[in-house]
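Numbers for residues simply follow the sequence, beginning at 1.
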Amino acid sequence: MKYLVASTLIVIVLFYPQNTSAQEVTLVAPGGMRCPLDRMTPDFERKVGHPVKVTIGSGGGTHQQVVHGEPFDVPVVQPPYQDVLDSGNVITSTETPLATVAIVVAVRKGDPKPDISTPEAVKRMLLAAKAISYPDGAGGLGGAAGVSFDETLKKLGIFDQIKPKTKRIAGVTLMHLLTNGDIDFAVTFASEINDPGVEVVGPLPSAISTPTALVGFISAHAKSPEGAKALLSYLASPEARAIYQACKMQPGR
């Protein structure tokens with residue numbers, strides 16, 4: 001028994017410091033970064049030694065958290081972000097473009113894929129649909145994909161016509177709505193399509209939808225400045241580029 005206790009103590013001495021020797025790094029980002037961060041975080045922690053606490057939220061919500069100075073070491077935001085720069089809560093010289101992500105249309109696997117090659121084709125598809133879903137833009141304070149698609153609907157002149165067709169159920173994801181047959185199409189970031197029962201039709205035409213850029217900073221209030229610098233550098237590294245591409249994102253600007 002005493003040998004077992006001794007062995008246990010040795011394990012604690014040998015392994016516990018690895019979890020406490022490096023300060024935790026905190027990061028906040030919109031949902032478009034969920035896929036790459038899920039894949040990158042374990043690798044960063046293993047290679048660099050800093051544990052990472054990731055907070056994922058709506059684009060508008062996380063944006064406001066940064067503007068209001070909530071304590072994150074590495075904030076990731078999407079344009080426009082002049083208010084972030086003006087807030088004094090980020091070190092402006094650390095501005096680092098990470099990736100862009102397109103808004104795509106998805107259908108249930110096996111369903112016919114509509115024509116979305118032109119703005120007029122997208123307009124016809126949406127007007128013909130019985131029900132669609134996309135993230136709630138909440139007047140600019142909600143999901144970044146929703147904010148972007150709200151602008152697309154306004155450009156097409158059908159924002160008010162699509163409102164009654166838009167279906168959202170609390171606690172039910174877009175992908176589940178689609179695979180359950182509750183909606184005809186889902187519209188969201190390419191990086192958020194993660195269900196094998198769903199197929200991507202393609203990105204919306206550039207004339208009505210600009211891919212959303214995701215940009216990282218080091219916080220002016222970082223509790224772990226060195227860890228923040230290492231994490232932001234990793235998020236823009238060659239290893240990260242491959243992960244962005246795997247998540248259907250384009251690295252860089």
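- Heavy atoms of other residues, nucleotides or ligands lying less than 6.0 angstrom from NZ of K155 number more than 12.
- V28 and V67 fall within the same hydrophobic cluster, defined by Ile, Leu, Val, Met, Phe, Trp and Tyr side-chain heavy atoms under 4.5 Å apart, directly or through other members.
- Contact between P119 and L156 at its shortest, heavy atoms only, is O-CD2, 3.6 Å.
- Expressed to the nearest 0.5 Å, how far CG of L178 lies from CD of E199 amounts to 10.0 Å.
- Atom CD in E45 sits 9.0 Å away from atom CD in E24 (nearest 0.5 Å).
- Applying the disulfide (SG to SG under 2.5 Å) definition to pairs two or more places apart or across chains, none involves residues 87-143.
- Sequence neighbours left out, the pairs with a member in residues 123-161 that pass ring-ring contact (aromatic ring centres under 6.0 Å, His included) are Y134-F149.
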Show the numbers, then the answer: is there a side-chain contact (heavy atoms from CB on, under 4.5 Å) between V198 and V107?
CA-CA 6 Å; V198 167; V107 297; over 6 Å; no
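- Considering all non-hydrogen atoms of both residues, H50 and S224 come closest at CE1-OG, 3.9 Å.
- Shown here are the side-chain contact (heavy atoms from CB on, under 4.5 Å) partners of K167, two or more places apart in sequence or in another chain: I169, D182, I183.
- Nearest heavy-atom pair, T118 versus P205, reported as atom, atom and distance to 0.1 Å: C-CG, 3.7 Å.
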Can L214 and M249 be said to form a side-chain contact (heavy atoms from CB on, under 4.5 Å), step by step?
CA-CA 10 Å; L214 295 155; M249 303 168 77; 3.5 Å; yes
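- Two residues are said to be in side-chain contact when any heavy atoms from C-beta on lie closer than 4.5 Å; V215 and L98 fail this criterion.
- With contacts defined as side-chain heavy-atom distances shorter than 4.5 Å, the pair I208/E151 does not qualify.
- Not a single donor-acceptor pair under 3.5 Å links the side chain of S237 to the backbone N or O of L235.
- Looking at every heavy atom in both residues, R168 comes nearest to P135 through NH2-O, 3.4 Å.
- The hydrophobic cluster analysis finds L141 isolated: no Ile, Leu, Val, Met, Phe, Trp or Tyr side chain comes under 4.5 Å of it, directly or through other members.
- Under the 3.5 Å distance criterion, the side-chain polar atoms of T210 are left unmatched by any main-chain donor or acceptor of S206.
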Given side-chain contact (heavy atoms from CB on, under 4.5 Å), test Q65 with T62 step by step and report yes or no.
CA-CA 5 Å; Q65 285 178 285; T62 55; 3.7 Å; yes
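- By the neighbour-count criterion of 12 heavy atoms within 6.0 Å, atom NZ of K154 is densely surrounded, having more than that number from other residues, nucleotides or ligands.
- Each ring-ring contact (aromatic ring centres under 6.0 Å, His included) pair with one or both residues in residues 180-215, not counting sequence neighbours, would appear here, but there are none.
- The residues E239 and K47 are annotated as salt-bridged, a charged nitrogen and a carboxylate oxygen being separated by less than 4.0 angstrom.
- A donor atom on one side chain and an acceptor atom on the other are found under 3.5 Å apart for D83 and H63.
- Of all the heavy atoms in V48 and A230, the pair that sits closest is CG1-CB, 4.1 Å.
- Taking hydrophobic clusters as Ile, Leu, Val, Met, Phe, Trp and Tyr residues chained together by side-chain heavy-atom distances below 4.5 Å, V74 does not share a cluster with V77.
- Cluster membership check: L27 shares its hydrophobic cluster with Y234, using side-chain heavy-atom separations under 4.5 Å among Ile, Leu, Val, Met, Phe, Trp and Tyr.
- Closest of all the heavy-atom pairs between A236 and A240 is N-CB, 4.3 Å.
- With hydrogens and angles left out, the side-chain atoms of D73 and T26 include a donor and acceptor closer than 3.5 Å.
- With a 6.0 Å radius and a threshold of 12 heavy atoms from other residues, nucleotides or ligands, K109 has its NZ atom at or below the threshold.
- Remark: D150 CG to K163 NZ distance equals 8.5 Å, nearest 0.5 Å.
- The closest donor-acceptor contact from the side chain of Q23 to the backbone of K223 lies under 3.5 Å.
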Where do D195 and T179 land on the side-chain contact (heavy atoms from CB on, under 4.5 Å) test, with the steps shown first?
CA-CA 9 Å; D195 191 308; T179 56; 3.9 Å; yes
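- The same ILVMFWY cluster, assembled from side-chain heavy atoms under 4.5 Å apart, contains both I103 and L153.
- The closest side-chain heavy-atom distance from T166 to I132 is below 4.5 Å.
- Every residue two or more places apart in sequence or in another chain that forms a side-chain contact (heavy atoms from CB on, under 4.5 Å) with R39 is listed here: C35, I243, A246, C247.
- Not one N or O on the side chain of K165 forms a donor-acceptor pair closer than 3.5 Å with the backbone of S133.
- Other residues, nucleotides and ligands contribute only 12 or fewer heavy atoms inside 6.0 Å of the CD atom of Q250.
- Side-chain atoms of S87 come within 3.5 Å of backbone atoms of V84 as a donor-acceptor pair (strictly under, hydrogens ignored).
- Two residues are said to be in side-chain contact when any heavy atoms from C-beta on lie closer than 4.5 Å; V90 and P75 meet this criterion.
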